[in-house]
*Asks:* 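Here it is, the structure, as structure tokens.
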Amino acid sequence: MRGLFQRLLGGRASSFPGADPGHEGTGSTSVDAQRWLVVGLGNPGPKYAGNRHNVGFLVVDALAERERERFKAHKAHAEVAETRVAGVPVVLAKPRTYMNLSGGPVAGLSSFYKVPVERVLVVHDELDIEFGALKLKRGGGPGGHNGLRSVSASLSSPEYVRVRVGIGRPPGRMDAATYVLRDFSAAERKELDVAVERAADAVETVLRDGLEKAQNVYHTAR
């Protein structure tokens, strides 16, 4: 797998403004009854690429890279890659709105691809989990995460699967909003690729074996 900085500094296949604006995917003409929508949350653009808040983008990028897929722009204000992950048909997606407006693209893609909320999986950063650790669950509140709040409101349901990637609490009295919009530290970057790959493995396990099996594997100590 390419290293972190290659992905952050142009490893992504496309950026929304210049990428194939007419692409609309296959939509209802080839809907598979078992298709999943896997969304990584983050903020678009190079200014935010290395931020802790963008770890969801990194995980979805890693999944696309494993399948040698390239993202294309979708009319739902997202980048998408239609592929198979762990043998399961999947739409990988990265909203091209800012984090607190993530729900619009997620709901738009869910409707376009006819994916019900129970087969929507969202990968996001989590302050209340130590750096690099994972927790998986279905449903629940946003816990102060504006991206999740937007997704739940736009889907009219919180009952989607979450893969929560730990980024740890801010040091000292640093404000959480400041912390999540800062780049990973030098020490964190040494472990970041491993954490991202492990989160991608967790997504694959959910799709292949179900949430409970993934929880049994990835809620263990690192």
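When reading the values below, keep in mind they use all heavy atoms of this one structure, side chains included, and skip hydrogens, waters and symmetry mates. One is the number of the first residue; the rest follow in order along the sequence.
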*Asks:* Any ion pair linking R169 and E130 (charged N to carboxylate O, less than 4.0 Å)?
*Replies:* no

*Asks:* Taking C-beta and beyond as the side chain, do L148 and L41 meet within less than 4.5 Å on heavy atoms?
*Replies:* yes

*Asks:* Over all heavy atoms of both residues, which pair between S154 and G104 is shortest? Give the atoms and the distance, please.
*Replies:* OG-N, 3.5 Å

*Asks:* How far apart are the closest heavy atoms of P158 and G140, and which atoms are they?
*Replies:* CB-O, 3.4 Å

*Asks:* Between atom CG of D193 and atom CG of L58, what is the distance when rounded to the nearest 0.5 Å?
*Replies:* 8.5 Å

*Asks:* Could you check if a side-chain atom of V91 sits within less than 4.5 angstrom of a side-chain atom of V38, using non-hydrogen atoms only?
*Replies:* no

*Asks:* How many angstroms lie between atom CG of D209 and atom CD of Q215, to the nearest 0.5 angstrom?
*Replies:* 12.5 Å

*Asks:* Can you tell me how far apart CG (N54) and CG (D125) are? Round to the nearest 0.5 Å.
*Replies:* 8.5 Å

*Asks:* What's the shortest heavy-atom distance between L37 and V39, and which atoms?
*Replies:* CG-CG2, 3.7 Å

*Asks:* Can you find a heavy atom in the side chain of S110 that is under 4.5 Å from one in the side chain of Y160?
*Replies:* no

*Asks:* Is any side-chain heavy atom of Y98 closer than 4.5 Å to one of P44?
*Replies:* yes

*Asks:* I need the K137 NZ to R164 CZ distance, nearest 0.5 Å.
*Replies:* 4.5 Å

*Asks:* Supply the atom-to-atom distance K94 NZ to H74 NE2, rounded to the nearest 0.5 angstrom.
*Replies:* 15.0 Å

*Asks:* Does a side-chain N-to-carboxylate-O contact under 4.0 Å join K135 and E126?
*Replies:* no

*Asks:* Would a 4.5 Å heavy-atom cut-off, applied to side chains only, mark L136 and H219 as touching?
*Replies:* yes

*Asks:* Can you tell me how the ring of H53 sits relative to the ring of H145, calling it parallel under 30°, perpendicular over 60° and tilted otherwise?
*Replies:* tilted

*Asks:* State, to 0.1 Å, how close T83 and L92 come at their nearest heavy-atom pair, and which atoms those are.
*Replies:* CG2-CD1, 4.0 Å

*Asks:* Would you say the side chain of N43 lies within less than 4.5 Å of the side chain of L181, judging by non-hydrogen atoms?
*Replies:* yes

*Asks:* Can a salt bridge be assigned to the pair R138 and E118 using a cut-off of 4.0 Å between side-chain N and carboxylate O?
*Replies:* no

*Asks:* Walk me through whether E82 and Y113 qualify under side chain to side chain contact (heavy atoms under 4.5 Å, CB included).
*Replies:* CA-CA 10 Å; E82 299 176 38; Y113 289 103; 2.9 Å; yes

*Asks:* Any chance the side chains of D183 and N51 put a donor and an acceptor closer than 3.5 Å?
*Replies:* yes

*Asks:* Please examine the side chains of M99 and Y48, heavy atoms only from C-beta on, and report whether any two atoms are closer than 4.5 Å.
*Replies:* no

*Asks:* Roughly how far apart are F131 CZ and S185 OG, rounded to 0.5 Å?
*Replies:* 7.0 Å

*Asks:* Which atoms form the tightest heavy-atom contact between V59 and A200, and what is the distance?
*Replies:* CG1-N, 3.8 Å

*Asks:* Counting C-beta onward and ignoring hydrogens, is there a side-chain heavy-atom pair between D61 and F71 closer than 4.5 Å?
*Replies:* yes

